[in-house]
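Working notes, structure below.
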Amino acid sequence: MSETSNRAGESPQKPLPLDEVEKIVDLVKRSDVGEIQVRRGELEITVKARAEPLLSAAPAISHHKAVPEPASEAAQEFSPKRNGLCEVRSPVVGTFYRSPAPGEEPYVEVGDRVKAGQTLCIIEAMKMMNEIPADVSGEVVEVLAENAEGVEYDQPLFYLRPEE
Amino acid sequence: MSETSNRAGESPQKPLPLDEVEKIVDLVKRSDVGEIQVRRGELEITVKARAEPLLSAAPAISHHKAVPEPASEAAQEFSPKRNGLCEVRSPVVGTFYRSPAPGEEPYVEVGDRVKAGQTLCIIEAMKMMNEIPADVSGEVVEVLAENAEGVEYDQPLFYLRPEE
Amino acid sequence: MIGKVLVANRGEIALRVIRACREAGIRSVAVYSTADSGSLHRMLADEAICIGPPNASKSYLNIPAIISAAELAGADAIHPGYGFLSENSRFAEICERVGIKFIGPSSQAIAQMGDKAAARVFAAEAGVPITPGSTGVCASAAEVKRVGAEVGYPLVIKASAGGGGKGMRVVESEREAAGAFSAASREAAASFGDGSVYVEQYLEPLRHVEVQVLADAHGSVLTFPERDCSIQRRYQKLVEESPAPHIPQEVREGLMNSAAALADSLGYEGAGTVEFVYSEGNFYFIEMNTRLQVEHPVTEMIAGVDLVAEQLEIAAGEPLDPAEAPPAKGHAIEFRINAEDPRRGFMPQAGTVEFYNPPGGPGVRVDSHLYPGYKIPAHYDSLLAKLIVHAASREAAIRRGVRALDEFAIAGLETTLPLHLAVLEDEDFQRGGVPTSFLKERELRNEKGLLRLASVSA
Amino acid sequence: MIGKVLVANRGEIALRVIRACREAGIRSVAVYSTADSGSLHRMLADEAICIGPPNASKSYLNIPAIISAAELAGADAIHPGYGFLSENSRFAEICERVGIKFIGPSSQAIAQMGDKAAARVFAAEAGVPITPGSTGVCASAAEVKRVGAEVGYPLVIKASAGGGGKGMRVVESEREAAGAFSAASREAAASFGDGSVYVEQYLEPLRHVEVQVLADAHGSVLTFPERDCSIQRRYQKLVEESPAPHIPQEVREGLMNSAAALADSLGYEGAGTVEFVYSEGNFYFIEMNTRLQVEHPVTEMIAGVDLVAEQLEIAAGEPLDPAEAPPAKGHAIEFRINAEDPRRGFMPQAGTVEFYNPPGGPGVRVDSHLYPGYKIPAHYDSLLAKLIVHAASREAAIRRGVRALDEFAIAGLETTLPLHLAVLEDEDFQRGGVPTSFLKERELRNEKGLLRLASVSA
C-alpha cells in the first residue's frame with residue numbers, strides 16, 4: 001500500500017475501519033441487496049454482492065460437465081503478476097523443452113538470474129523450435145511445466161522475480 | 001447525521017451510522033425499488049437492490065411468451081390489504097353476478113356499508129349459484145369485476161374498507 | 001371441428017398438448033393452480049385460467065372448477081393429459097353431459113377398464129390371454145385359496161379399483177392367503193374407497209410390455225410395436241423403450257393383435273395403451289390405460305406418428321389413415337428425469353432450477369416444463385423432464401442416451417439423471433430384456449461421485 | 001479405426017462433432033481460443049487445448065497450433081467442421097503429410113473444387129449442366145464481352161477463388177463489362193489474394209438448391225434429396241428446407257445423378273454438397289462445397305441419416321451401406337438463429353445470454369452452443385443456434401416451426417428469431433419455391449412489436 005497520501009489534507013496514516021467494512025459485508029450478505037455504498041468525507045466503502053447466482057450453482061452437479069466452470073478468464077487477468085512475480089506464458093501450442101537438445105544442460109534453473117531477452121526454454125511445434133525469451137530481467141523462481149510435455153497457448157511456464 | 005461539512009475538519013473516527021444503513025436496506029427490500037441514495041453533507045449512503053439477473057431480462061423480448069413474467073405471487077402476498085383496504089377474492093371459477101337474478105337490484109353498490117357475512121355477489125359455476133359473503137364489515141369501495149363476466153379462482157372482486 | 005381445447009393438466013404433458021393444439025391451429029386454454037402461476041403451461045397457452053389453490057383436489061382434480069373454466073373460455077373440448085382426471089369416468093361423463101368433447105374414450109369405456117377385475121373378464125372374452133386367476137373380484141380369502149389350489153402359488157392379490165402397486169400383495173403359499181387378502185382389501189379401501197380385490201398367478205421374472213392403440217370414431221384401430229417399461233422402481237416406470245428387446249416377431253404380432261381386439265370389442269375411441277406382462281415367451285393382459293401415457297414419445301419416435309395430433313383429429317371425428325402406422329424405424333428410449341435424489345433414497349426435491357440446459361443435436365427430444373429460474377412446487381409429481389433418444393439401433397440409442405444424459409444440466413436440486421447413466425452402464429440392461437425386478441435386484445453405489453448399479457449378492 | 005478426433009472448430013458445429021464422436025465411442029479433443037474459455041465445446045469434449053488468442057487467424061485458422069495440438073493430444077484425425085480451415089487444401093495436405101487423417105476429401109479434391117472457374121470445367125466434363133458462360137477464367141474484359149455476345153446479357157462475373165458474394169458483379173449490358181470486370185477482379189484480389197474471375201449467364205429469378213453427397217473410400221456414392229436454400233440475405237443462407245418445394249421428380253433425379261457423377265469423377269471421399277441454381281425447370285452447377293454444411297441437419301431429419309457419424313465411419317475406411325439412404329420421409333426446415341438485430345439493419349449483437357430456453361417436444365431439434373449466462377464473444381460469426389423442425393408435410397413443418405420459434409427464448413441480445421416468424425407468415429413462402437431475391441424484394445416492418453415482411457412496391 002502506498003505510503004504517500006494522494007490527496008492534500010487527508011490523513012492516510014489512519015487505519016482503515018475494517019470492522020465497519022466487515023459489518024457492511026455482513027449486511028449485504030444477510031439482506032441480499034446488490035450493493036451498499038457508504039461515504040463519509042474521505043472515507044468511502046462499497047460492498048457489492050457477488051453477481052451470477054446462475055453459475056454459482058454449478059458445483060452442485062458433479063459429473064455434468066455441461067454446466068460451465070467458473071471461467072478461468074478472471075484468474076488469467078490477475079495471473080501475470082502474482083505476489084510481484086512475472087509469469088512467462090507459452091505463446092504457442094507445442095512441446096516444452098528446458099534444454100537445447102536431449103542430454104544438454106537446461107537453459108535455466110530455479111535461482112538463476114536471467115536478463116530480458118535471454119532464452120528460458122524452447123517449445124517445439126511442428127518440428128519448429130521456438131525459443132522463449134524472458135521478458136524482464138530477474139530471478140527464476142519456479143518452473144511451471146514439465147520437460148518434454150505438451151503446453152497449450154497461454155499456459156504459464158515460469159515465474160520470474162523482476163529486478164528492482 | 002453529521003452536521004459538519006466535508007473535507008477539512010472531518011471526524012473520521014465517528015462511527016458509520018450502520019443502523020441507518022440497515023433501515024435503508026430494509027426500505028429497498030420492502031419497496032422493491034432498484035436503488036436508494038441518501039446524501040447529507042459529507043455522508044452518503046447508497047443501497048442497490050440485487051439485480052434479478054435471470055428474469056429481469058424478460059421484458060426485453062417482446063413476443064416470446066416463454067420467458068417467465070415476473071410471478072404474480074409476490075403481488076398476491078401483498079394484495080389482501082392495499083392502503084388499508086380488504087380485498088374480496090373469488091373462491092371459485094365461474095360467472096360473476098352482482099344481483100340475485102337478471103333485472104333485480106345489485107346486492108351492493110359502491111358506498112354501501114356491509115356487514116361481515118352479507119352477500120356481495122353470486123358466482124355461477126356449473127349451474128350452481130355460489131353466494132360470496134363479505135368477510136369483514138365495512139364500506140364497499142370498489143367493484144373490480146364486471147357483471148356477467150367470467151372470473152377465475154382468486155380473482156379480486158371487491159375492495160372493502162373495514163370498519164375501525 | 002375443434003376450435004379451442006382446455007388442457008386439464010399441468011407440467012410437461014400440458015405443454016405437450018398445448019404444442020399439438022398450436023400446430024393444429026387450435027386455441028388452447030391452460031388451467032393452473034396458484035402454485036403454478038410461474039409455469040410454462042400457463043405462459044405458452046393462448047389463454048390461462050386460475051382454477052384453485054395448490055392442493056390438487058381443489059384445482060387439477062376440481063371437476064366443477066375445470067368445467068366452469070371450459071365454459072367461461074368457450075372451449076369445445078378438454079384434453080385430460082395423464083394422471084389427475086384422465087381416467088375419471090365421472091369427469092368424462094360430465095363432459096359428455098355438458099356437451100364438451102372429452103378427448104379420450106367414452107365414459108363407459110373408461111369405467112369398464114377402470115374396474116381391473118372386470119377388465120380381465122372383458123379382455124378374456126375378447127380373446128386376449130389373461131394371467132390365470134380369479135374370474136372377476138374375489139369376495140373372500142377362501143376364493144383366493146381356491147385359485148391357489150387351481151393355478152398354484154405364488155399368487156398376487158390386486159385392487160380392482162387400483163393401479164400403481166397400491167392394494168397389492170404377493171401370496172407365497174396358502175398359509176399367507178387370509179392375511180394378504182385382508183391387508184390388500186384394507187389398503188385398497190383406504191386408497192381407492194373400494195376394497196374389491198382379485199387374484200392372479202404371480203409370474204416372476206416378468207417384463208412389462210405394452211401396446212399403443214389409436215382408434216377412431218368409425219371403428220378403425222391402429223396399433224404400434226410394443227414398448228418395454230420394465231425398468232421400474234416401486235411400480236413407477238423410469239425408463240421405457242420401443243421396440244422391446246428380444247421379442248420374437250410372432251409375439252409382437254400377438255401383442256398388437258390382442259390390443260387391437262380389445263380396443264375393437266370396447267368400441268374404443270382415441271389413444272390408449274394395453275399393458276401386458278411378458279414371461280418366458282408368453283404374454284398376459286394386465287390392464288388397459290384409457291389415456292395418453294407418459295411414455296408415448298418412444299412410439300412417436302420410432303413410428304413417426306404424432307399421437308397427440310392424432311387424438312385431436314380423432315376427437316374431431318376424422319377417420320384414421322392406416323398409413324399413419326408405417327413400419328417402425330430404429331429404436332427409441334425414454335428417461336424420466338424426476339426431482340428425486342437417487343443417492344438419498346429417492347428423496348423428493350423441491351426448490352428453484354438454478355441452471356437448466358437440455359441436450360440438443362440429432363435424435364434427441366426433450367419434453368419438459370423447466371426453465372432456468374423455475375420454482376418447482378412441492379405439491380405435484382416429481383417428473384421434471386422426459387429425455388427421448390432415437391437412433392438406428394438399440395446400441396446406438398444407448399450411446400446417444402449416455403451422450404445426452406451427460407449433457408443434460410439441471411442445477412439447484414438433485415435429479416434421477418445419474419441413475420439413468422448407471423442403468424445404461426449396466427451389462428444386463430445393455431444385453432436387453434431385463435425383468436421388472438431389475439432395480440430391486442441392484443443397489444446404488446456412489447463411486448467417485450458417479451452412481452453405479454451393483455447386483456445385490458444373494 | 002479412429003480413436004481420437006481433434007475438432008478444429010468452435011460453436012454449434014464443434015458440439016455437433018463432439019456429440020457424434022461421443023456416440024461413436026471416439027475420444028474428442030476441443031481446441032479453443034482464449035475468447036472461448038467459457039464455451040460448451042471446450043467443456044463437453046474429452047480434452048481441450050487452448051490454441052491462441054481471440055483473433056481467428058491466430059487460433060482457429062492457425063494451422064501450426066492446430067497440428068501441434070493434435071500431435072500433443074495424440075489425435076489420429078481432425079474434423080474441420082465448416083468455415084475456418086474446412087476447405088483449406090493446404091491444411092488438408094499438411095494433415096496428410098503428418099499422418100493425421102483429415103476428415104473430408106483429399107487435399108487435391110478440395111483444391112480442384114476450390115478454384116470455382118476450374119470446377120465449372122470439371123463439372124461440365126463430368127456431364128453436369130453448367131450455366132452458359134466462360135470456359136475457365138476470363139483474362140480480360142474482352143473475354144467477358146465475347147461471352148456476352150454469345151449467351152446474352154445480363155451476365156455475372158464471379159471470383160474464381162471466391163464464394164459468398166465477394167468479387168461478384170452483375171453485368172447488365174456490354175457497356176458495363178469493362179467496369180464490372182475490373183471491379184470484380186480488384187475485389188477478388190483484395191478478398192482472396194487472387195484476382196481471377198469467370199463469367200456466367202445471370203439467371204434471375206433463380207432458386208438455390210443443393211444435393212448432399214456421401215462417398216466412401218471404396219468408390220460408393222450416396223446422394224440425398226435436394227435442399228432448398230433460397231431464403232438468403234446478402235448471399236448468407238437463413239432458412240433451408242428439404243425437399244425443395246415443387247421440384248418435379250425427374251429434376252430431383254437429375255440433380256441427384258449430377259451430384260453423384262461429379263463426386264464420382266472427383267474420386268470424392270466424405271461428405272460434400274453440390275450446389276445448383278434452379279431456374280424455370282433447369283438446373284446448373286454453381287460449385288461444390290467439400291465439407292459438411294451448416295444446413296446438413298435438414299437432410300438428417302428427412303433421411304434418418306447421421307451425416308457426421310457417416311463422416312467418421314468413412315474416415316475410418318468403412319464402406320457405405322446403400323441402405324443408409326432410405327427414401328426420405330416428410331419435410332424439414334432449418335432456421336439459423338443469428339446474433340443480429342433484424343429491426344436495426346441486422347446489426348451484430350454481442351453480450352451475455354441472460355435467459356435461454358430452447359423449444360422441445362416432437363419433431364424439434366436444436367443445435368446450439370448457448371447456455372444461460374454464456375458470454376457471446378464478438379470475434380466470430382453470428383450463428384447462435386439452429387432450429388430444425390420435421391413433420392409429415394411442408395405445411396405441418398411450417399406450423400411446427402411457428403410453434404417452436406415462438407417458444408424459443410433468448411434474452412440479453414437481439415436475434416433473428418422474429419425474422420423467421422415473419423418469413424413463415426409470408427404467403428409466397430407458404431406456397432413454396434420462392435427465389436433467392438425473396439428477402440431483397442421485401443422490407444421489414446415493425447407492427448405492434450412483431451416483425452412482418454411486406455413486398456417492396458415496384
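Naming: A, B, ... by sequence-line order, numbering from 1 per chain. Keep in mind that this is a model prediction, so the values were computed, not measured.
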Is chain C contacted by the side chain of D:R16, its backbone, both, or neither, given a heavy-atom distance below 4.5 Å?
side chain
Considering non-hydrogen atoms only, spot the tightest contact between D:K329 and C:A303 and give its length.
NZ-O, 4.0 Å
Side-chain contact test, heavy atoms from C-beta onward, threshold under 4.5 Å: evaluate it for C:V389 versus D:E23 and give yes or no.
no
Which one of D:R399, D:K386, D:H390, D:R19 has the most heavy-atom pairs closer than 4.5 Å to chain C?
D:R19
How long is the gap from CZ on D:R403 to CD1 on C:I18, to the nearest 0.5 Å?
11.0 Å
Is chain D contacted by the side chain of C:P362, its backbone, both, or neither, given a heavy-atom distance below 4.5 Å?
both
I'd like to check the salt bridge (Lys or Arg N to Asp or Glu O under 4.0 Å) partners of C:D367; sequence neighbours left out, ordered by chain and number.
C:R365
Pair D:R22 + C:E407: basic N to acidic O under 4.0 Å
no
For a quick test of reading the model, state the closest non-hydrogen atom pair linking D:P372 to C:Y356 and the distance between them.
CG-O, 3.5 Å
Sub-3.5 Å donor-acceptor pair from the side chain of C:N357 to the main-chain atoms of D:L370, do we have one?
yes
